[in-house]
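Report on the structure given below.
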Amino acid sequence: MRQTFSIASYLAVKEVWRNRGRFLLVSLVIALITLLVLFIAALGEGLGNGNREYLSKLDADLIIFQAKSDNVIAASRLGRDRLAAVRRVDGVADAAMIGTSSASLILPGDVEPLKVAMLGVEPGRSGEPSVLEGQQLSTDLASEAIIDRNTAIRSSLAVGDTLTVRTTQGTRDEFFDLRIVGISEGQQFQLQPSIFVPFFTWDRIRSKSEAEVNSLTSVGNVILVKLQDPAQLEQVSQRLVSQVSNIESATLTKAIQALPGYSAQQSTLNTQGGFTLFIGILVIGGFFQIQILQKVAQIGVLKAIGAANPVVAFSSIIQIIVITVIGVLIGSLLTFSFSLFFPPTVPIVFNGTTSLIAIIALLLIGPLGGLVSIRYAVRIEPLKALGLSS
Amino acid sequence: MTTYALETQSVIKTYQSESGTIQAVDDVSLQVAAGEFVALVGPSGSGKTTMLSILAALLQPTSGKVVLDGQDLAGMNDIDRVAMRREKIGFTFQANNLVPYLTAVENVELMLRLNNKLNKTGKLRARELLARLGLAERMHNLPGQMSGGQQQRVAIARALIHNPSLVLADEPTASLDTERAYQVVETFAGLIHEQKRAGIMVTHDLRMVEFVDRVLLIQDGKLVRIYTGHSEIMELIQGSRH
């Protein structure tokens, strides 16, 4: 076996090296496929991350929605009375209300206002992100804000600065100043950079319809629930739904899947990635098949002089692996180089696991594509290949 | 009693075709001793290439025995026949002889590699053999950088380097001009005699049999005549010129 592998490697490497121009071209095709697949994966990760980042980083076990809101945060409206009722349910360790809305950050100079997700959170409870720099929010009514890293990068605002938020109150635009007390890690919500303000401040300054402007009732969107025992998730969830009227509960994963467009977007990108890999298999398979057809006589000679089938097969497999590895390496380096020049507004995230899965899939497409050609090479009859058959 | 390197007994090869059974080789028995160079001649379609393929362990006869170094090729499975081709047989073909991405010396060394015998001595012998064949300056050339005659000489070196019992050549001069053809066959014959191999050359060109010890004439699959001795062979050559 060792002897077979040694001869096969020798033949494979010699052939690749002596025809390096031709093989490099195929590697470049694989590199381009790699570039495409990695970018699609990074785009999928970036878009998915942009949608779910805040929810996926929440320190909560369940999310309570208004009944029949289909777990869509924007469609759910919950009053403070429900929060009190949820907190009373057996098994609930803590509960916090959050409210979501959009706002525009007014930036100095002629810069376009930055559209952000403005989230109302309860200081010290689930929903308030931990700061990397500065302090947490102080009270429910403070005119303070935590901005996420994306907002900080895109607005150049820092801890201690005052930010101005523009919202629509009925039919009028109004401006509110908030002091930045902290900066958190990336916490995008539905593809927008985020700012976090104390819940009652949020309720005061968020955009409202004319009917809401004069309302005295404080309404949030969802309630985040932390359990005393996360293993009791199913039981507490059922208890919540039965004891608190007009609500439904969901896990974080379920809530992420219900984000508008999230599932459709991810499945579209996954399908694109899958098709690109499939095209890669066809391209590589086609190349090696043509190559084998061109060297039928040469393989015939090798077999006639005593090279066994495993030598021929291993030689082809080694070539395919070498060409694929070189192509994937070049493609990965190209992708990395290009990614350095992308602005932060492009939702591309190179996640280690996703990129690794894409790279492993790319490394597998070579041997998969070459399977037919290897089978063909093994079945070449030296007698026919050398024109000796009658 | 003479011990032959190669001996066939009543070899028959038949093919089925739409028009019925074709007898490509019909009851051929022959013997070749070590150090003997034999030519297999005959008109086109006479069965000489089929016979060569059987001797080369590339084709199984329908019946009969092909005994090489005491082992019957006809009764062997595929794996054993591949091993026989690698260890006991040397080949040169009409064309596409060499592996195009290996240099002349690498092509010759390939036979040693396949037989797990590539050591310092083997490498030295490969170079010496190529030098003897007038290819000292071409050792590191790829086949595409050599003429047809030079390629045939590399193929001869490859066919002999692993000390096979039997050396087979299928129309080795087909793509060469007359002068180079004579040179190639003369060198081939010299090495076969010197290294005591059994050599068989299939050729349609009767002028090339000048350097062989015996000529076997095949017609319609049958061995019809054996020319032995220099005078008989020369008569055959003279006859072919008229």
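Lettering follows sequence order; numbering is per chain, from 1.
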Any donor and acceptor pair, going by atom type alone, linking the side chain of [X] with main-chain N or O of [Y] inside 3.5 Å?
| X | Y | value |
| --- | --- | --- |
| R85(B) | I305(A) | no |
| R86(B) | G306(A) | yes |
| R18(A) | L142(B) | no |

Residue part contacting chain A, namely of [X], when any heavy atom lies under 4.5 Å:
| X | value |
| --- | --- |
| I79(B) | neither |
| R81(B) | neither |
| E106(B) | both |

Can you confirm whether [X] sits close enough to [Y] that some side-chain heavy atom of one is under 4.5 Å from a side-chain heavy atom of the other?
| X | Y | answer |
| --- | --- | --- |
| L98(B) | V301(A) | no |
| Y10(A) | L102(B) | yes |
| K14(A) | T103(B) | no |

Correct closest heavy-atom pair for F91(B) and A304(A) would be CE1-O, 3.0 Å
Evaluate L302(A) against L114(B) for side chain to side chain contact (heavy atoms under 4.5 Å, CB included), listing each step before the verdict.
CA-CA 10 Å; L302(A) 279 173; L114(B) 287 171; 5.6 Å; no
Part of L11(A) within contact of chain B (heavy atom distance under 4.5 Å):
both
With a 4.5 angstrom heavy-atom cut-off, is it the side chain or the backbone of E15(A) that approaches chain B, or both, or neither?
both
